[in-house]
Number of protein chains: 2
Amino acid sequence: MAERGAGGNTSGRGTPGRRTPDRNTSGQGNGAGATGRARVAAVRSRPTLHEVAKEAGTSRSTASRALSGQGYVAAEIRERVRAAAERIGYVPDTMARTLKGHSSRLVGLLVSDLRNQFYAELAAGVEQVLGTDGYQMVLVDDHGEPEREVAGATAFVAMRAVGVILTPARGAATKLLADRGVSVVEADRRSGRGRCDSVVIDNEGGAREVTRHLLELGHKRVALLTDETVWATGADRLRGYRAAHRAAGVPLDRRLVLDVGFKAAGAQPRVAELLDRHPDITALFAVNNLMAETAWMELRRRGLSVPGDVSLVSFDDMPWMRMVEPGVTAVAQPTYEMGRRAAQLLLRRIASRDVDTPVAGRPVRETMQPALIRRGSTAAPSGSAAG
Amino acid sequence: MAERGAGGNTSGRGTPGRRTPDRNTSGQGNGAGATGRARVAAVRSRPTLHEVAKEAGTSRSTASRALSGQGYVAAEIRERVRAAAERIGYVPDTMARTLKGHSSRLVGLLVSDLRNQFYAELAAGVEQVLGTDGYQMVLVDDHGEPEREVAGATAFVAMRAVGVILTPARGAATKLLADRGVSVVEADRRSGRGRCDSVVIDNEGGAREVTRHLLELGHKRVALLTDETVWATGADRLRGYRAAHRAAGVPLDRRLVLDVGFKAAGAQPRVAELLDRHPDITALFAVNNLMAETAWMELRRRGLSVPGDVSLVSFDDMPWMRMVEPGVTAVAQPTYEMGRRAAQLLLRRIASRDVDTPVAGRPVRETMQPALIRRGSTAAPSGSAAG
DNA sequence: CTGTTAGCGCCTTCAC
DNA sequence: GTGAAGGCGCTAACAG
């Protein structure tokens, strides 16, 4: 029962709750079964093609053809088989079919944190497209841990998934899959390993736009709040932040870049510390929705006025950002669309492979444009500058 | 390419975004393949047990035993096989294994709307437990459409999922699965069909508490904003709302119950209309987070002060509710925990079936307690009453 | 047009 | 301890 109580103080989801078992009869060694001991788990053996054939008075292969629509079958027989299948509630065994045909309808999706609405949106987009095409989505949450990422990838190989969409961390998973001939599409991030299609957001461009927006308002001391600056979106956003400074001729101060680390439990104190140390900061650029949440809470805790004392921008727009007063200026990412697009690319890749297109072309690398949404949280700094 | 553009004006997620294809070479009928036509999709045939055996110089059965750890095998041979498997990158085929053993490691999860954070949390909880136990989660989003629900259930049967967790709409899916011997756990809602375990929130109790809270503050005209009042949580919450009124001796006015219908695109106008028609309303009880969002937006649009003019409560707490000013009083549901719990129940049920426990006991029906979190959005009505 | 045969990759008796 | 044989449910050749 030991729980790790996932989630630090910045994301207090998952409220506790007491349980009230109305009835509970899972008695492990209860011995004397009460009344009905009759049906002893009549579970096993769902109807098979054999049953259908028997019921319809044909052979198994005919039944197979009738149901799958492949090959010749007399219209009358076909109907008879269909009826029989319907009657006994036959559902073809995907596993067996896959075993034979070398190609399942399973697609893996590997994300970093399903509780983050960003990834949930992404997953929803993927599912939408997959479902429409009759594919099934197997979802694995690696919680940002490289080991689980690899474990997930291995599981996908084991279940003979036709393809995998992932938000890569270190790239080992991509390589593993690609090496085994599983089609891969990377979403939101690129690992650089393995030849695969990918869809990402223009992180550098978005960050540049955000930063420029702040600088144009007159801010000189803009802090960047991030959770990593090396391997993923964080790196690109940091790049955009710097580029905008250079372009505007505003000096960079690396002390204003706060990297709290991934899975940062105590992010808010770090933000507090930053603000204490640099009271001349007039604007905060939060690199994702979680950091924005943290920043917002801390600003409010201090009783600072937004944007009067400090301006705030978020990379990644969330519903709450237009519910609060003032609304939070944010870069809206087409997350759901990105999920949809990733799935479309994957499906296309799979199809082209089915047709055995020679080498099937170079990897498709798409970039989607985010959009800056200006709300009330950004304005010119109070005086003209601070000391 | 026809898109239904899911989502009405109340949940403007999924911001648009232009695409910038950097490279794109999926030319459908491109004919002349460029340079490297060499490797013609060396995809098929991942290494099989046969290869491992050959590599290790044993028979397939020995290799099987060595890897699965079942049956006798000389320590030395075992090591040799393991090494061989490792070397050639062997990953056992789950499909084949399932075909033989009648039991996959696949668990289905069927939810109504993954873009709603509530369901995302639920899914995350389920995934967490499943992943820890080496099970895979196949996620289907039925978008609240009964047909897709049944289609999803059928898909689960087809892939021989060992179990399924679902948030039932009409109950057909539950029955379908139960009839075919698939273990089912219902979460968040109960369909009443099929003998299955279930975990739900105490919706009636929670709603009663919310309503009592408002009535105790002195409100006499409390509107209920809901999206359905018949088959699911809406019914129970309505029941709680009524019960609290009766208990407090406050007369019920059915005109104050606004049912906008599931998938309500134009919910906000309906709320507006309600407020126009009944200016004596002093408190709003939103039955879920989406309705709360709508209500909040409408109150703000009208420039009404909360709680000065109108109090607001939400059933289902969301991050934004503590970010806004004043914070929104809400009933926090242990959603993530409910997902975890559902998965645990399912796993237990599966295990008990493996052991062939006779009839395995009556269904386990658990109820989790939500918690009312009082924030600034509720207070005594302005005067003492209105006319 | 239909039935018979074989085999996908694995596990599991059963002899040796 | 190890190998050979059979079969899970299905489909893709073949004959008839």
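All figures in this text were calculated on a predicted structure; none of them were measured in a lab. Every heavy atom of this structure was used, including side-chain atoms; hydrogens, water molecules and symmetry mates were not.
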(request) Search all heavy atoms of Leu122(B) against all heavy atoms of Thr167(B) and return the closest pair with its distance. (result) CD2-CG2, 3.7 Å

Among the candidates [options], find the nucleotide nearest to the side-chain atoms of [X].
| X | options | value |
| --- | --- | --- |
| Lys100(A) | dG1(D), dC8(C), dG3(C) | dC8(C) |
| Tyr90(B) | dT12(C), dG3(C), dC10(C) | dC10(C) |
| Arg65(B) | dG9(C), dG3(D), dA12(D) | dG3(D) |

(message) Checking Arg189(A) against Ser112(A): is there a side-chain donor and acceptor pair closer than 3.5 Å?
(response)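 There is such a pair (donor and acceptor under 3.5 Å, judged by atom type) between the side chains of Ser112(A) and Arg189(A).
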
Within this structure, what is the [atom1]-to-[atom2] distance between [X] and [N], rounded to whole angstrom?
| X | N | atom1 | atom2 | answer |
| --- | --- | --- | --- | --- |
| Lys54(A) | dG3(C) | NZ | C1' | 17 Å |
| Asp93(B) | dG9(D) | CG | P | 16 Å |
| Leu49(B) | dT12(C) | CG | P | 12 Å |
| His50(B) | dG7(C) | NE2 | P | 13 Å |
| Arg105(A) | dC10(D) | CZ | C1' | 16 Å |

(message) If you define the side chain from C-beta out and look only at heavy atoms, does anything of Ile88(B) sit under 4.5 Å from Val52(B)?
(response)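 Heavy-atom side-chain distance check passes, below 4.5 Å.
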
(message) Within the 4.5 Å heavy-atom criterion, are Asp133(B) and Val129(B) side-chain neighbours or not?
(response) no

(request) Please determine if a side-chain N or O atom of Arg97(B) lies less than 4.0 Å away from the OP1 or OP2 oxygen of dC11(C). (result) yes

(message) Quick check on dT2(C): is either OP1 or OP2 less than 4.0 Å from any side-chain nitrogen or oxygen of Thr62(A)?
(response) no

(message) Between Arg160(B) and Tyr72(B), which residue's closest nucleotide on DNA chain D lies nearer the 5′ terminus?
(response)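 Comparing both residues, the 5'-ward one is Tyr72(B).
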
(request) Would you classify Thr48(A) as touching base, sugar-phosphate or nothing, given that sugar-phosphate means primed atoms plus P, OP1 and OP2, and contacts are heavy atoms under 4.0 Å? (result) sugar-phosphate

(request) Would you mind classifying the nucleic acid contact of Leu99(B) as base, sugar-phosphate or nothing, using non-hydrogen atoms under 4.0 angstrom? (result) base

(request) Check if the side chain of Ser64(B) and the base of dT12(C) share a donor-acceptor pair of N or O atoms closer than 3.5 Å. (result) no

(request) Could you check Thr98(B) against Arg160(B) for side chain to side chain donor-acceptor pair (under 3.5 Å), going step by step and ending with a plain yes or no? (result) CA-CA 8 Å; Thr98(B) 299; Arg160(B) 300 304 187 249; over 6 Å; no

(request) Taking atom C1' in both dG6(D) and dT5(C), compute the distance separating them and give it to the nearest angstrom. (result) 15 Å

(request) With DNA chain C as reference, determine whether Gln70(B) or Met95(B) sits nearer its 5' end, using the nearest nucleotide of each. (result) Met95(B)

(message) Need to verify one output field. Residue with the more 5' nearest nucleotide on DNA chain C, Arg60(A) or Val73(A)?
(response) Val73(A)

(message) Tell me whether Glu149(A) contacts the main-chain N or O of Ala169(A) through its side chain, where contact means a donor paired with an acceptor under 3.5 Å.
(response)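 Side chain of Glu149(A) to backbone of Ala169(A), a donor-acceptor pair under 3.5 Å: yes, one is there.
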
(request) Identify, residue by residue, the members of residues 77-84 of chain A with a heavy atom below 4.0 Å from DNA chain D, and return them in order of residue number, or none. (result)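 The stretch gives none, as no residue of it lies under 4.0 Å from the strand.
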
(message) By the side chain to side chain donor-acceptor pair (under 3.5 Å) test, which pairs, at least two apart or in different chains, include something from residues 73-90 of chain A?
(response)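 Pairs touching residues 73-90 of chain A that pass the test: Glu55(A)-Arg87(A).
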
